[in-house]
Amino acid sequence: VSSVVVKPVGFPAWIKPGLNITNGRDQLSLATITINQIMPILVPGVVALSRRARYLSLYLFLLEEYHRRGSGTQDQLSTFIKRAEYEYLLAVRHCSRDGCGADATAIIGYFEVQDALDKGPPYRRGESIEGVLGGYAQQYRSLLQAMELVAPKGYVVNGKPLSVDRATTRGAVIAAAFRAQLASSAWYKRYLGHGQAIPAKVLEELSDRACLCRLDESPTERGLLHTSLFGTRDQQSEDQKARIAAFALTLEAIEADPKVIDDDSCWRRHLWDAGMAAVTRKGVRSQTAAGWAALVGKELYQEALAVIWSAVCEWGRAKQPPDGFTPRDLRAELVKGLCSGGRVFGVKYSPKEPVRHFAERLDRELIDVHLEHIRERAWLPPHDAMNGFGLLLVLWQRLPDLKSMPVDWQVIGRQRSLFQLGLLGATDSVGSLADSGTSVADVFESVTMRWVVQAHDRVGCDRLPNYIFRFRFVEGRWQFIRTSNTDPLSLGDSRHDAITYISQDLGFWNRDGERAKITGQGKALIRGAFGT
Amino acid sequence: VIDVRNDFRRGWRHVWISTFTVGVVEMEDYLLNQLGEPPIEVTVLADADRLQRQFLELVDSEQVERLSKVGAQYVLRGMRAGQRFHPKTYFFGNAKRGALLVGSGNAGLSGLLNGAEVFARFRSEDEDGRAAIRSWRDWMGGIVDIQADPLLRDRWRNLVTACSSWLAGASGPSAFVANSDRSVGEQFVERVGQAKTLLLTAPYFDEKAAAVYRLVKELKPQRIRLWLGERPNLNGKRLREVLKASGAKIELSRYDGDFVHAKIVAAIGKRSFLLVGSPNLSIAGMWLTSRRGNCEAGVLLEANSELISDLFENPKRKGLTTRMMDWSELGEHTYETPEGPSTVVPVRLLRATRLADGRCEFETAARREGGSVRTFGATVEDFELGPGYEASERYLSTSTDPIPEAARLAAVTNAAGRVISNLAVIDDPELLKAMGQVSNRVDSHVRGLIESDLETPVGQLLDLLRRSCNFEYAWQAREIVNKLAGGQGGQEETWDPDTEIEFMAAGIRRRRIGLSSGQINHLALDELRAMLQAVPTRERMLSIVNPVTSRADPPSRKGHEWGDDRRLAVRLFNVLERWCLAIGLREAWFDELQEVSNFEGLVQVLSVVAESVELRALVPPEKLARLVGALFKGFIGSPNRPGYFRSLQKGPQLEIVELLDARGATVSAGSLVGILVDPQNAAFKAHVVDWKPWLGYCVELGLIKGNTSHQQDQLVHAASYMDDALWEQSIKERLGLKVKVAHDKEMFEAAPVLTVRRPNNLMTNPNFVLLVESYLTYQPEESALTVIAGGSDGLSEERLGLKLNEIAGARCPAFVESTVPITKELIRKLAEERRSWSDCFEAVAAAEPTSTAMH
């Protein structure tokens, strides 16, 4: 249309789609319970992606360095950090230590430098990852703030808000300790903040002096990080006490079974068992173990619903009438299609059987199978809603008598989200249905409709204009969206990696071939936490 | 393209929607939220039959509880027309401007955010836009008029009044069309006359394609271009016949990628016209009036033919493409009869209205005697109806009991418990009014103030403080404790695990400044330092109540003028008192950082109140003194009942004082208290007496500090000011002796008499030495006094007569004399060594072998 044509007032137009169709991360509003409710209690400040202790020093150093070099805007700081991250990553990839270099774990922008490495030295400069402030903002900034090592932009100092992030006085001390490691390096003196290509030997020198894996060669810096995370013997904040307890519990698990390090399923098994053994109401160890076991229970509850959700999505897409299910039809068909009798984990069930009978029988039959193994079996595709339901029932059966347990079981177990009950709320609900003699099919229907079907629709509405629906209640019909991804939502990170990596970096344990050894420092941390 | 999200935004005062269907869930969970905070009145009119079906589906699927806002935050009404209430219009307005969307999309996700829809947008700033909006006003006003619905009429009146500055006035010719009197098709044909080319698209046609047939017959086009989206509802064979029979050249096109809900009819000729809006290519939509067919609304305007063609040919919607279609593809479409109206119910429930006492009034179209109703919400409950009465051809009856607050829908039931009426939304007029009317709102961000208060400097001051402090957590914690203790209150600071869980769930954190080891928690102090930084300084607060205005600037019109608004004064005092009292709640100590931070905030705000002439008019000195008393009593307390600060160990105390001092809060406290304890102040004595338990303590610790040496002297004077009553009070607190001072002439000339009636161990209780020492410190000029102890039975009274530097006499019960002259030094020594008078009286000393003789 010619640009000189004038549109009359009110000339119509097509509407712009206002929905952002996306997969979503928490389609049942369950992961949020862990991320936003439970983790800040159990291990305050430590986020899933804060996994390498030395990154804390690196970022403090970069913030201080940026300030020392005259500072600027937050955008310029972002570029400064992302470029430094890129170079540091190149250096890490040049590290010659076992387990580091190309095998380094939990590093920021691993694949971003691959192209440069393939082309070989001298390396052209680049930026680590997309997003403002790079990996600093995405993975470490919140922990640094929680540790009061960084004051964020906008923080008021002497009556004026900061224009960029700054290291606090304590943060600057750590930055200085890190700087001391590389002050005489070529990278620090000639390359940081500049644009020329970097020779390999410069990166090798940087990695020799300050690689992620070489924190053990910088005891002062490591000591300072330790103090910031955990306080001192005489002075510990509540957050630091919680962190110490959390790390100590994992160290105990590592000591008992080194597989814990690389296998979060194994870690959860140990946490659950430790919590079930927390038979006294008092004592830091019992309380800690109880809290973490309740977290594991919550994750299992989430997995149970996730499996049901995935099965419902698949089934709904295959079976729905052209205009969707009426509410009544959905209820009836769901039960008919997904809970019509058969076996759950090899154990026969009848839909009409009282749910308590079945749950007790299932638990008895699986008495030797750990909940975590049941979870793994439930997770195996094709997803069977009854496997998810079975997992929920066994979990309910295996919960301890909370009256005799430390209160942390309840504190964590009762954490809930806006749309979902927590672990104990859900099992209480199943329990009260069971008390009134409700059948397997009716409890399955209730669980599925309330905590899966309706919950997803509510979460979907809450996320608008992001469109995460796999099914929706539209004009009286449950409509399943055919093109959507029906994979079950995966478990969120319960800080397994963060705790194991950071504790290794801080020297609480060492690898000894296939085995792991808790160091004296690790043992001291456990003693300090639990007095054992 | 039109981004409807630009219209669903904050800042509107009235939103009025007409739609065929409404996605109540997305309306509640998303669209309403986009419109922002009150004041806003949102009214949605939807097809009654479709709405009814939707309500029934929510009831069937036990999801009524998802409706948390209908009837409380917006009004939703089912509307009836000859066949369907089908117009899709969206009005947004405030006092200054407005906008109107007219188009094909229903009020829901697919209609407004994701569908293939077409809308026209009018703005009040354009003359033509204003004309269209005024035409819409006339049309909608007519619809409201015939509803006989008082709530709807009220809201319509509110809208018209609030937007009158631009909405009032004659409508005149405009692009807006509706079918109240003439069908949309007739209006289109009349404007067009004859057309060379007819362009059509719609998702729904009548079974016989009669609407298209009539259009073609009236306009006699030489060329017809038809676009169809996926899954249109039409009789393909019949439409093919109609098109072929027209003799025109036919072009068939397909929109691939989605169901297309847009409805557009255009005629291109010498002049070119376009019709968009709600009417489908059906007889009920296009060719009937709202009395017989659907109620429809659209836009009819003349436009450039290129623009019109482009609108059809290039749907600027992601995922939608166009391609040619052949006759056979058209012929494959089959017509499905739309769902008819829901089953007719015996009773038509017109409205359900919640009354102030919680009961609900039900209005039905026909007379009924007794009966009951069922309400739906989080629970489903039945209620008896009381006797009713007839009013203007309506029949009204009221539930005998209050209905649950969460109930959202209601229906009439018969004796057998069967629902015999439609479902109606339960309207809560009070909540709806509160959503819409600023002046009547009782809620604001500052609990206890109303919305309009926030436009005054004092409201802004409190709002500023509220944002940096948290005064409600302590009250919230108290509620939790009371609830858990069954209203009995919890034991101080011995919260059981359940209480702590509830606290945590309520977001109340335990933060300690001092550790149980007696040491200081420096990390907490760092956190406190950061928190205190967020508390607005006194200067910042003063700048709000005494804004600096440039002479060149006219006085600001924003906000209310200062005045003697007595109601505001009452509310202000109540808010401040609530906040000051919160400091003293033991539950507040759970979060020590917040406690200290709140204290600083209140000290600063009260000092501003004390200094500002305008604020003093609202909070007179006697009230200010009450607030100061409550604040310091709560924070400091007395030796017998220590407040939070006094209960700390010395180390943390000094740290806190240092922090507050650095923030200027100690000087603010000095200036605040200084004004009230000015010796010229008539209430001076009353204040120093009342504040004795904490004033001296604070001055000594530096928590209250003068800004000048004169002010400091004044504070010290007030803190150390003493009279008999105060001295008696201090002795009671310090020694536990209930003493009375009298200036009678007794044993010695003009000597005061100190009488302590209860104990009768005058000679052996060391406190009586301290008593005398204290009195002589208080009245250093006195050189003689008498102490009387015990004797409340009239028989066992003990007496001690002293004259400094002379031998003293005592009757206990026999008369004895001191072994040495009683001097001030001797008294001080006895007091320091915690010895009693018996040590100075030989006979008594002999009778009391445990005492040490004095030499």
Side-chain angles (χ1 to χ4, degrees), chain A residues 1-2 5-19 21 41 148 151 155-159 168 170 231 234-240 281 326-328 330-331 406-408 410-411 414-416 449-450 453-454 457-458 460-465 467 472-478, chain B residues 1-5 21 23 25-26 29-30 53-54 57 60-61 63 66 103 105 109 112-122 126 128-129 132 175 262 264 274 276 299 301-304 306-307 310-311 315-318 497 501 504-505 510-512 515 519 521-524 526 533-534:
Chain A
V1 176
S2 162
V5 174
V6 177
K7 282 187 182 175
V9 168
F11 188 82
W14 294 81
I15 61 167
K16 182 179 175 183
L19 298 177
I21 297 172
I41 300 173
E148 296 177 347
Y155 186 82
V156 177
V157 176
N158 297 328
T168 61
R170 282 207 301 270
D234 298 333
Q235 190 178 326
Q236 287 154 353
S237 67
E238 295 299 317
D239 284 1
Q240 287 169 332
R281 279 179 69 85
T326 65
R328 209 167 286 176
L330 181 66
R331 281 176 180 277
V407 70
D408 300 62
Q410 303 237 24
V411 171
R414 296 247 171 247
Q415 297 296 327
R416 56 165 298 162
M449 287 305 297
R450 283 159 62 201
V453 175
Q454 291 175 9
D457 192 38
R458 298 193 76 164
C461 284
D462 185 61
R463 300 289 188 273
L464 289 170
Y467 191 89
R472 267 190 73 204
F473 189 61
V474 189
E475 294 180 20
R477 296 282 190 281
W478 285 103
Chain B
V1 293
I2 285 181
D3 189 347
V4 175
R5 289 180 305 178
T21 61
V25 171
E26 51 257 40
D29 288 351
Y30 178 63
R53 213 173 284 172
Q54 198 172 0
E57 284 150 359
D60 278 354
S61 57
Q63 293 195 87
R66 292 184 69 171
L109 280 197
L112 295 173
L113 292 172
N114 209 37
E117 309 277 2
V118 167
F119 272 95
R121 180 192 272 143
F122 299 96
D126 306 316
D128 290 346
I264 323 173
L274 179 71
V276 298
V299 168
L301 45 74
E302 185 172 1
N304 177 286
E306 281 181 69
L307 280 173
D310 187 57
L311 182 69
K316 293 176 181 64
R317 185 182 176 280
K318 200 176 163 188
I501 292 169
M504 286 170 76
R510 180 188 281 278
R511 292 188 286 191
R512 291 271 174 266
L515 300 169
Q519 290 184 317
N521 182 351
H522 286 284
L523 291 164
D526 283 356
Q533 281 192 335

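Below, chains carry the letters A, B, ... as their sequence lines are ordered, and counting in each starts from 1.
Between the B/D3 side chain and the A/K16 main chain, no donor and acceptor come within less than 3.5 Å of each other. In this structure, B/R53 contributes its side chain and A/G476 its backbone to no donor-acceptor pair below 3.5 Å. At distances below 3.5 Å, at least one donor-acceptor pair connects side-chain atoms of B/R317 with backbone N or O atoms of B/G115.
The CD1 atom of A/I21 lies 5.0 Å from the CG atom of B/N114; values are rounded to the nearest 0.5 Å. Separating the CG atom in B/L109 from the OH atom in A/Y467 is a distance of 7.0 Å, to the nearest 0.5 Å.
Put simply, of A/P327, A/S237, A/P12, the one with the most heavy-atom pairs under 4.5 Å next to chain B is A/P12. Listed options A/E238, A/R328, A/R416 were ranked by heavy-atom pairs under 4.5 angstrom with chain B; first place goes to A/R328.
Neither the backbone nor the side chain of A/R463 comes within less than 4.5 Å of any heavy atom of chain B. With a threshold of 4.5 angstrom between heavy atoms, B/F119 approaches chain A through its backbone and through its side chain. For B/D126, the part lying near chain A is the side chain, with the backbone staying farther off; criterion is any non-hydrogen pair under 4.5 Å. Interface residue B/Q63: only side-chain heavy atoms are found under 4.5 Å from chain A. Heavy-atom distances place no part of B/A175 under 4.5 Å from chain A, backbone and side chain included. For B/L311, the parts lying under 4.5 angstrom from a heavy atom of chain A are both the backbone and the side chain. Both the backbone and the side chain of A/R458 come within contact range of chain B, with heavy atoms under 4.5 Å apart.
Between B/K316 and B/D310, at least one side-chain nitrogen of the basic residue sits less than 4.0 Å from a carboxylate oxygen of the acidic one, meeting the salt-bridge criterion.
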